[in-house]
Number of protein chains: 2
Amino acid sequence: MTDPPTRTSRRRPTLADVAAIAGVDSSLVSRVLRDDPRGFASAETRDRIVRAAQEVGYRANAAARGLRNARTMTLGLLLPGFSSPVYSSIAHGVEERANERGYGIVLGTHAAGDPHETVSGMLMHGRVDGLLVASGRIEDRELRRLVDRVPQSVVVVNRQVRGVAASVVLQDADAAVLAVRHLVQLGHRRICGVFGPSTLDTMVRRRRGFGEECRRLGVEASTVEMAGRDHRAGFEGARRALDRTPAPTAVIAGTFPMAVGMLAGMHTAGVAVPGEMSVLSLHNDALADYLLPRLSAVGLPTERLGAEAVDLVLDLIDGGRPRRVVVPEPPRLVVRDSTSAVPAGQDRL
Amino acid sequence: MTDPPTRTSRRRPTLADVAAIAGVDSSLVSRVLRDDPRGFASAETRDRIVRAAQEVGYRANAAARGLRNARTMTLGLLLPGFSSPVYSSIAHGVEERANERGYGIVLGTHAAGDPHETVSGMLMHGRVDGLLVASGRIEDRELRRLVDRVPQSVVVVNRQVRGVAASVVLQDADAAVLAVRHLVQLGHRRICGVFGPSTLDTMVRRRRGFGEECRRLGVEASTVEMAGRDHRAGFEGARRALDRTPAPTAVIAGTFPMAVGMLAGMHTAGVAVPGEMSVLSLHNDALADYLLPRLSAVGLPTERLGAEAVDLVLDLIDGGRPRRVVVPEPPRLVVRDSTSAVPAGQDRL
DNA sequence: CTGTTAGCGCTTTCAT
DNA sequence: ATGAAAGCGCTAACAG
């Protein structure tokens with residue numbers, strides 16, 4: 001028998017402590033504090049309980065509750081890191097929506113260690129009720145194996161994987177379509193798309209949208225595939241695009257950081273943007289307004305990605321069926337200064 | 001009595017399940033699987049247990065373990081968001097080090113909701129064993145109140161708060177000192193520091209280092225204080241710096257995004273960098289190499305910040321005494337293209 | 001070397 | 001309207 005802790009005691013107060021002070025049973029305290037419909041208590045008792053709880057600063061222990069309910073009220077979020085603004089944005093959206101729905105987030109970046117271990121660790125130890133995988137680095141095969149074990153609680157974000165039924169993606173192809181249309185409207189007829197590795201699902205979809213729209217509009221499309229998708233990849237991609245003969249009059253970058261790198265790459269190569277070359281980014285970012293020249297971009301609603309993913313996984317946890325969600329907000333073109341009409345003398349095929 | 005689940009069963013296997021298959025008691029399974037020194041088992045039994053565990057894919061339930069041990073093996077990380085690269089970097093450092101030491105991270109950004117609730121929620125519900133607060137937005141007073149309740153497990157990161165004994169910071173003042181010296185060496189004698197709000201501890205320290213070194217070296221210092229510390233704040237700060245009479249020949253930006261904004265601001269104002277104005281950033285970033293001009297910067301070891309914070313909080317959890325840690329790695333100057341010798345005709349006071 | 005027992009803090013029947 | 005008791009899955013103390 002431990003004596004009920006006072007305000008000054010350091011041990012975390014338990015239901016029993018509150019019950020002792022209020023002079024009732026702990027089960028009643030539990031019901032009252034949770035507003036359990038079956039927890040009718042006389043207004044007076046109720047009041048005593050609530051006051052006692054406040055007095056000692058009672059907070060339910062999450063582990064005990066989780067053990068009892070077989071629910072942790074926590075979701076896992078697996079990211080490759082915070083390298084790209086897209087991941088930051090996803091994290092933000094996930095966290096916000098999870099919060100709204102009463103869930104916490106445990107974070108796993110697999111900067112260090114085996115990605116598969118990180119993933120299975122979270123889910124298999126029952127640390128989380130569901131898992132959002134927003135990492136391109138985990139192999140499809142690994143992911144499928146994981147989902148085979150716990151299909152009801154894994155959602156892949158910004159990616160689709162054969163065999164994994166629950167996913168949320170953006171309208172990547174449409175973003176590329178929009179980009180092509182903008183450039184064609186400006187008079188461009190030779191466009192080069194510079195993308196990241198085809199091992200990334202988003203890149204494949206953007207690239208496809210790019211290729212198809214170019215074909216449909218009858219303009220000359222070329223494509224460069226880089227191993228990375230960061231500034232450096234863009235910088236080098238610019239050079240690769242310039243090597244094409246005849247050179248394109250406009251380039252589309254597969255990611256925002258790539259577009260930034262391409263701006264630098266064009267400058268290094270002595271090619272004026274947008275005078276001699278238009279540069280257009282897939283994905284927008286606050287930084288775009290502060291670059292030279294200000295970067296035109298097709299914005300995608302990345303924060304919605306996180307929110308939708310949370311809704312989907314919570315639905316799965318509640319027994320819902322896996323779905324493939326496409327965020328309904330369409331991509332939006334934001335024209336700034338890096339795209340302009342095709343230079344005179346180059347406007348025919 | 002439930003029958004031992006086979007591979008196909010969906011219920012998460014427990015110790016009891018493994019024990020049943022191996023034909024031993026669950027406590028023995030527990031000891032063997034944890035390599036408990038008191039868990040000697042005959043090689044043969046051991047083998048049977050391990051195989052049984054593997055067969056059903058046993059993973060210890062974190063909630064049960066946490067309840068029993070009064071340890072969750074989880075740390076809380078409170079960030080204001082991923083707006084700034086510094087926060088991403090801290091998150092990365094924290095996650096990596098925590099991983100190494102066997103801890104998970106639960107993330108709280110207080111984009112949404114009451115920051116104080118987020119914080120107390122994590123700690124008070126026993127969801128985490130310790131808390132890293134890397135947010136400038138939580139008021140000092142709030143933070144002190146929190147720490148009064150649970151002094152042994154809160155560490156503030158990249159910030160010091162009176163009344164909160166455990167903190168980890170960088171050598172912010174020294175970074176500013178290094179910046180000033182670089183510019184003075186280039187011949188600059190009128191330098192303007194453009195900082196974020198003085199409500200942020202880091203800004204105060206950088207500003208102090210700036211002011212003191214300028215005084216020591218006998219150069220003319222002016223200071224601009226902006227309400228924000230993002231691109232926009234830098235953009236507007238550039239104009240404010242140019243309004244000084246006589247105008248400075250060099251500016252130091254309080255954060256990396258501010259420096260980016262200042263580059264744009266100078267360009268908009270028609271001031272050539274570095275021809276007419278040198279721009280130097282406090283904090284470095286991969287982006288620096290891809291700006292026009294490439295941005296000179298003083299790098300600070302932000303990732304170490306996260307690692308040190310994890311080490312400190314784990315030390316506190318183990319009963320260690322609170323300390324004020326300063327990350328030992330000194331700031332490093334990276335000279336690129338945005339700083340140069342003072343323009344001719346302006347090199348005297 | 002292995003089993004028994006008790007209990008972490010909570011929720012949920014089932015009694016009263 | 002309230003209480004008693006059981007049990008979530010795990011580990012530690014103690015027996016044997």
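Numbered from 1 within each chain, the chains take letters A, B, ... in sequence-line order. All of these numbers come straight from a predicted model, not from anything done at the bench.
Each end of the helix from C/dC1-D/dG16 to C/dT16-D/dA1 gets its own rotation axis from five pairs of C1' atoms, and the angle between them is 40° to the nearest 10 degrees.
Listed by chain and number, the residues in a side-chain contact (heavy atoms from CB on, under 4.5 Å) with A/Pro328 are A/Arg304, A/Glu308 (sequence neighbours excluded). Under the rule for a side-chain contact (heavy atoms from CB on, under 4.5 Å), the partners of B/Thr45 that lie at least two apart in sequence or sit in another chain are B/Val24, B/Leu28, B/Ala41, B/Ser42, B/Arg48, B/Ile49. Under the salt bridge (charged side-chain N to carboxylate O under 4.0 Å, His left out) criterion, A/Arg144 pairs with no residue at all, not counting sequence neighbours. Scanning for side-chain contact (heavy atoms from CB on, under 4.5 Å) contacts around A/Ala52 gives A/Val18, A/Ile21, A/Ala22, with sequence neighbours left out. The salt bridge (charged side-chain N to carboxylate O under 4.0 Å, His left out) check on B/Asp36 picks up B/Arg34, B/Arg38, with sequence neighbours excluded. For B/Thr302, the side-chain contact (heavy atoms from CB on, under 4.5 Å) partners at least two apart in sequence or on another chain are B/Val86, B/Ser89, B/Leu170, B/His283.
Of the possible polar contacts, one joining the B/Asp201 side chain to the B/Gln160 backbone as a donor-acceptor pair under 3.5 Å is found.
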Enumerate donor-acceptor pairs with a distance under 3.5 Å from any side-chain N or O in residues 74-82 of chain A to protein atoms, sequence neighbours excluded.
from    : atom 1 : to       : atom 2 : distance (Å)
A/Thr74 : OG1    : A/Thr72  : O      : 3.0
A/Thr74 : OG1    : B/Arg127 : NH1    : 3.3

Checklist entry - In the 5'-to-3' direction, what one-character label does each nucleotide of nucleotides 3-10 of chain D receive under the scheme B = base within less than 4.0 Å of a protein heavy atom, S = sugar-phosphate only, - = no such atom? => result BBBBBBBB

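Put simply, chain B comes within 4.0 Å of DNA chain C, heavy atom to any atom, from C/dC1 to C/dG9, going 5' to 3'.
A salt bridge (charged side-chain N to carboxylate O under 4.0 Å, His left out) check over residues 158-169 of chain B, counting only residues at least two apart or in different chains, returns the pairs B/Asp140-B/Arg159. Residue pairs meeting the side-chain hydrogen bond (donor to acceptor under 3.5 Å, both in side chains) criterion with at least one partner in residues 58-71 of chain A, sequence neighbours excluded, are A/Arg59-B/His125.
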